[in-house]
There are 2 protein chains.
Amino acid sequence: MTKQRALILEELRKVRTHPTAADVYEAVRRCMPRISLGTVYRNLDLLSREGLVRRIDLGTGKKRYDAFVEDHSHIRCSSCGRVDDVPLHRADGLAAMYHGVERTTGYEVQSCEIDFVGLCPECRKDSAAASRERSSRKNDLAGPEKTRK
Amino acid sequence: MTKQRALILEELRKVRTHPTAADVYEAVRRCMPRISLGTVYRNLDLLSREGLVRRIDLGTGKKRYDAFVEDHSHIRCSSCGRVDDVPLHRADGLAAMYHGVERTTGYEVQSCEIDFVGLCPECRKDSAAASRERSSRKNDLAGPEKTRK
DNA sequence: CTTGTTTTTTGGAATGATTCCTATTACCAT
DNA sequence: ATGGTAATAGGAATCATTCCAAAAAACAAG
Ligand SMILES: [Mn+2]
Ligand SMILES: [Mn+2]
Ligand SMILES: [Zn+2]
Ligand SMILES: [Zn+2]
């Protein structure tokens, strides 16, 4: 456990925003300005292989990292891109689900990931406000959305 | 609906292997050798925006495409990489799940993707055979290990 | 059949997140 | 200190995907 690795883990444990590797790099840089992006990538990879960090790929181009490795799912806002936790109590239904999948596919199921997409509370307000506005003035055209790949 | 787009869709409908863009390019090339990879990407994107094709990102680097747009999930073999369908009957449990997520997160849920990882039937056999071989070799081989260092 | 207009395709270059490489540095036990 | 080992820094390479300008095709009258 090197200083760099410890700091990366520490910074990741401070937040629940599911930062990207670049985000972690920025954060860690404030304490250790000479750290390299490669080191951040390598250690995030190492930590995730050891189970101390979870790597999340929601198909938005950049992978995200999560120091909270307890069993949970994620939801991403299709408007602003933020990612929040979903405390899915897999305990009950998941065992049956696994079993059903094994029976129907013949696979031996090792893991399963459930990702949601939706509108976060903030963006719900915004879109509600926008639609209110739209219905009063009938000429509006906007294209938010920031995801690419 | 141009010739290229029609052929891309036709080829994609022939298979249930969830090919990558490069795979589709290869397949389509056999009938239309001068088609360009860019055209394949653009049309797959277009078709998926129109709902005729489903784009799948399982976090393995390359996106995959599926002409079967009925509601189903996927399972990927962690050993050989193949991707199969999982006929999850979302109808029953999913509505409750969505509702539960909306209540606990405050999000308005728009969609959800469930991806499984496991060992396909083929690889199960292989890994079973390999482990059988390993255990028998352990029994007859009393020789010293060639550890280095 | 022309001419002009719009849409699509090509082929190649650009992008950008991630990985790879290697000289240099930090670490550790003699 | 010295040597051996492990990790880092910095930058180059990779590779799926996207972007772009120019050529081709499709379309619409005249
Ligand atoms: Mn999380
Ligand atoms: Mn499928
Ligand atoms: Zn939002
Ligand atoms: Zn397999």
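Numbers restart at 1 for each chain; the letters A, B, ... are given by sequence-line order, proteins then strands. The analysis underlying the following values was restricted to heavy atoms, covering all of them including side chains, and did not include hydrogens, waters or symmetry mates. Every value quoted in this text rests on a predicted model; they were computed, and no experiment measured them.
- Residue pairs meeting the ring-ring contact (aromatic ring centres under 6.0 Å, His included) criterion with at least one member in residues 4-26 of chain B, sequence neighbours excluded: B:His18-B:His74.
- The pair B:Glu113-B:Arg55 does not meet the salt-bridge criterion, since no charged nitrogen lies less than 4.0 angstrom from a carboxylate oxygen.
- Shown here is B:Glu122, whose CD atom has no more than 12 heavy atoms of other residues, nucleotides or ligands within 6.0 Å.
- Comment: B:Asp84 engages B:Arg82 in a salt bridge, judged by a side-chain N to carboxylate O separation of less than 4.0 angstrom.
- Interface residues of residues 2-14 of chain B facing DNA chain C, ordered by number: B:Thr2, B:Gln4; criterion, heavy-atom separation under 4.0 Å.
- Atom pair A:Met1:CE and D:dT8:P shows a separation of 11 Å (rounding to whole Å applied).
- Atom P of nucleotide D:dT17 and atom CZ of B:Arg64 are separated by 11 Å, given to the nearest angstrom.
- The line from CZ of B:Arg34 to OG1 of B:Thr39 is 11.5 Å long, rounded to the nearest 0.5 Å.
- For the segment residues 24-51 of chain A, the set of residues with a heavy atom within less than 4.0 Å of an atom of DNA chain D comprises A:Arg34, A:Ile35, A:Ser36, A:Thr39, A:Arg42, A:Asn43, in numerical order.
- A:Tyr107 has its side chain within reach of B:Pro121: a pair of non-hydrogen atoms, C-beta onward, lies under 4.5 Å apart.
- A salt bridge links A:Lys14 with A:Glu11: the distance from a Lys NZ or Arg NE/NH1/NH2 to an Asp or Glu carboxylate oxygen falls below 4.0 Å.
- The closest side-chain heavy-atom distance from B:Ser73 to B:Asp115 is not below 4.5 Å.
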